[in-house]
Amino acid sequence: MRVLVTGGAGFIGSHIVEELGARGHEPVVLDALLPTAHQQAPAVPDGAEWVPCDVRDPDTVTRALAGVDVVCHQAAMVGLGKDFADAPAYVACNDLGTAVLLAAMAEAGVRDLVLAGSMVVYGEGRYDCVRHGQVRPGPRAVSDLEAGRFEPLCPRCGAELEPGLVGEDAPADPRNVYAATKLAQELLAASWARAVGGRAVSLRYHNVYGPRMPRDTPYAGVASLFRSALARGEAPVVFEDGGQRRDFVHVHDVATANTLVAETIAGRPPGAFTAYNTGSGEPHTVGEMARALAAAHDGPRPTVTGDFRLGDVRHITADSRRLIAETGWKPETGFAEGMAEFARSGLRGE
């Protein structure tokens, strides 16, 4: 099977390329090597074809699609970035890039797409109120965050809420520019599938971590920021009170999910779009993750600042049972094992 991996030189994409090659497939790496993700040109795995190209370049993308069976679309700007001035770049990379790719796929007759989705499309995760059942709190007020009141309250009675696992049927509620672009990618993919009789699967990644995360960039995830601080001999800086719940999933498990879906997507009905949460199933707090990394790295204990970022959500953890039940995938790297390995492994740019 010949698989085009956009963003195939990046953090997640490079692991997917390796997994495809290990399973006997023919990966084609397409990557623009944006400086927000690459401080230096990475090595391309043996046996992988290399196409240096921005996914917004229709002519080169069309040539790269020759003989391709499946596209695994990882190319994107990620993270919250620096401020709203990044919005045009996010929209251009993530949404225009996806539109150009899908148009080229339609023209080339390539009908199978595995998309790098994200849990950010949900906004806040699932919450239950003792009196009112499942509720959806709105964005947290700046005044509450400044006062150190980080937990969302019931929008109907103001009571404390119990966070739970969010399922794929939860309504979308993106809370920042990056989240809005990831939802737009899914809507474009669903529209493409209906229009051309294609098959599209979005794997909604939760907090992916592991070897080759980019170092020292505001566009990286929190795991990379903590690991970068430790590499400098500094304490990880934890925002809010460190109690934010997340699902930290190892990059190897994410690469396996992509490869498994790519291998089986041709059996899905034409015109179908399916979204799957892709998480470990083990909720942990950001503070727990910072402490685990610091201990495994033998570095300074994390510093909890009480600072916050607008657009961040309090709790978002995955219910990945649909992916497990329908594909047979299962995460294999536990939290303690994965964090210990990540603490010892290198970052991209080191």
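If you're wondering where the values come from, they're calculated on a predicted model, not measured in any experiment.
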State the [atom1]-[atom2] distance between [X] and [Y], to the nearest 0.5 angstrom.
X	Y	atom1	atom2	result
Leu145	Asp307	CG	CG	11.0 Å
Leu293	Leu225	CG	CG	11.5 Å
Leu101	Gln185	CG	CD	9.5 Å
Asp86	Met77	CG	CE	5.0 Å

Specify the closest pair of heavy atoms between [X] and [Y], including all atoms of both residues, with the distance to one decimal.
X	Y	value
Trp192	Val110	CZ2-O, 3.4 Å
Gly117	Ser202	CA-OG, 3.3 Å
Ala106	Val196	CB-CG1, 3.8 Å
Phe11	Pro211	CE1-O, 3.2 Å
Ala340	Ala296	CA-CB, 3.9 Å
Ala159	Cys129	CB-SG, 4.4 Å

Quiz prompt | Stepwise side chain to side chain contact (heavy atoms under 4.5 Å, CB included) check, His132 with Val135 | solution = CA-CA 7 Å; His132 298 107; Val135 296; 4.1 Å; yes

Backbone N/O of [Y] and side chain of [X]: donor-acceptor pair under 3.5 Å:
X	Y	answer
Asp247	Gly281	yes
Glu288	Thr285	yes
Glu146	Asp144	no
Arg111	Met105	yes
Thr264	Leu260	yes
Gln244	Phe239	yes
Thr60	Asp57	no
Ser345	Phe342	yes
Asp54	Ala32	no
Tyr127	His315	yes

Between [X] and [Y], is any pair of side-chain heavy atoms under 4.5 Å apart?
X	Y	answer
Ile12	Val208	yes
Arg175	Glu124	yes
Pro283	Phe248	no
His25	Glu263	yes
Pro302	Phe226	no
Cys72	Val17	no
Arg136	Pro155	no
Glu332	Thr256	no

Any donor-acceptor N or O pair under 3.5 Å, side chains [X], [Y]:
X	Y	result
Gln74	Thr6	no
Ser224	Arg227	no
Ser320	Asn277	no
Arg246	Thr317	no

Quiz item: Taking NZ, NE, NH1 and NH2 as the nitrogens, is one of them in Arg126 or Glu162 under 4.0 Å from a carboxylate oxygen of the other?
Solution: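 No, Arg126 and Glu162 are not salt-bridged.
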
Quiz item: Can Asp95 and Arg56 be counted as an ion pair, charged N to O under 4.0 angstrom?
Solution: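 No, no charged N to carboxylate O under 4.0 Å.
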
Quiz prompt | Result of checking Val91, Thr98, Val121 against Thr181 for side chain to side chain contact (heavy atoms under 4.5 Å, CB included) | solution =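 Among the candidates, only Val91 passes.
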
Quiz item: Above 12 or not: heavy atoms from other molecules or residues under 6.0 Å from CD of Glu107?
Solution: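 No, CD of Glu107 has 12 or fewer neighbouring heavy atoms, counting only those of other groups under 6.0 Å.
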
Quiz item: Taking atom CZ of Arg23 as the centre, does the number of heavy atoms from other residues, nucleotides or ligands within less than 6.0 Å exceed 12?
Solution: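 More than 12 within 6.0 Å, yes.
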
Linking I/L/V/M/F/W/Y whenever their side-chain heavy atoms sit closer than 4.5 Å, directly or via other members, would [X] and [Y] fall into one cluster?
X	Y	value
Val55	Leu33	no
Val286	Val304	yes
Val28	Val114	no
Trp50	Val3	yes
Val251	Leu323	yes

Exercise. Begin from the C-alpha positions of Arg322 and Asp169 and carry the test salt bridge (Lys or Arg N to Asp or Glu O under 4.0 Å) through to its verdict.
Key: CA-CA 11 Å; Arg322 179 183 292 179; Asp169 296 329; 3.2 Å; yes

Self-check item: Pair Val142-Leu310, side chain to side chain contact (heavy atoms under 4.5 Å, CB included): steps then yes or no
Solution: CA-CA 8 Å; Val142 173; Leu310 289 177; 3.6 Å; yes

Self-check item: Residue pair Val201, Leu115: steps toward the side chain to side chain contact (heavy atoms under 4.5 Å, CB included) verdict
Solution: CA-CA 6 Å; Val201 171; Leu115 175 67; over 6 Å; no

Quiz prompt | Stepwise side chain to side chain donor-acceptor pair (under 3.5 Å) check, Tyr205 with Asn258 | solution = CA-CA 11 Å; Tyr205 304 157; Asn258 275 272; 2.9 Å; yes

Quiz item: Under the salt bridge (Lys or Arg N to Asp or Glu O under 4.0 Å) rule, what pairs show up with a residue in residues 185-211, not counting sequence neighbours?
Solution: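 Matches after skipping sequence neighbours: Asp112-Arg199, Glu186-Arg204.
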
Practice problem: Give every residue pair that meets the salt bridge (Lys or Arg N to Asp or Glu O under 4.0 Å) criterion with at least one member in residues 150-161, sequence neighbours excluded. | Solution: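 Every pair satisfying salt bridge (Lys or Arg N to Asp or Glu O under 4.0 Å) with a residue in residues 150-161: Glu151-Arg314.
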
Exercise. Among residues two or more places apart or on two chains, list those pairs meeting ring pair (Phe, Tyr, Trp, His ring centres under 6.0 Å) that have a residue in residues 249-288.
Key: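 Of all non-adjacent pairs touching residues 249-288, those that pass ring pair (Phe, Tyr, Trp, His ring centres under 6.0 Å) are Tyr209-His250, His284-Phe335.
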
Practice problem: Not counting sequence neighbours, which residues clear salt bridge (charged side-chain N to carboxylate O under 4.0 Å, His left out) with Glu326? List them please. | Solution: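 So Glu326 forms no salt bridge (charged side-chain N to carboxylate O under 4.0 Å, His left out) with any residue.
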
Quiz item: Got a sec, which residues hit side-chain hydrogen bond (donor to acceptor under 3.5 Å, both in side chains) with Asp253, two or more places apart in sequence or on another chain?
Solution: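 Result, side-chain hydrogen bond (donor to acceptor under 3.5 Å, both in side chains) vs Asp253: none returned.
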
Practice problem: May I have the step-by-step check of side chain to side chain contact (heavy atoms under 4.5 Å, CB included) for Val29 and Val5, ending in yes or no? | Solution: CA-CA 5 Å; Val29 177; Val5 185; 5.5 Å; no

Quiz item: Going by the side chain to side chain donor-acceptor pair (under 3.5 Å) test, which pairs reach into residues 291-300, not counting sequence neighbours?
Solution: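 Residue pairs passing side chain to side chain donor-acceptor pair (under 3.5 Å), neighbours aside: none found.
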
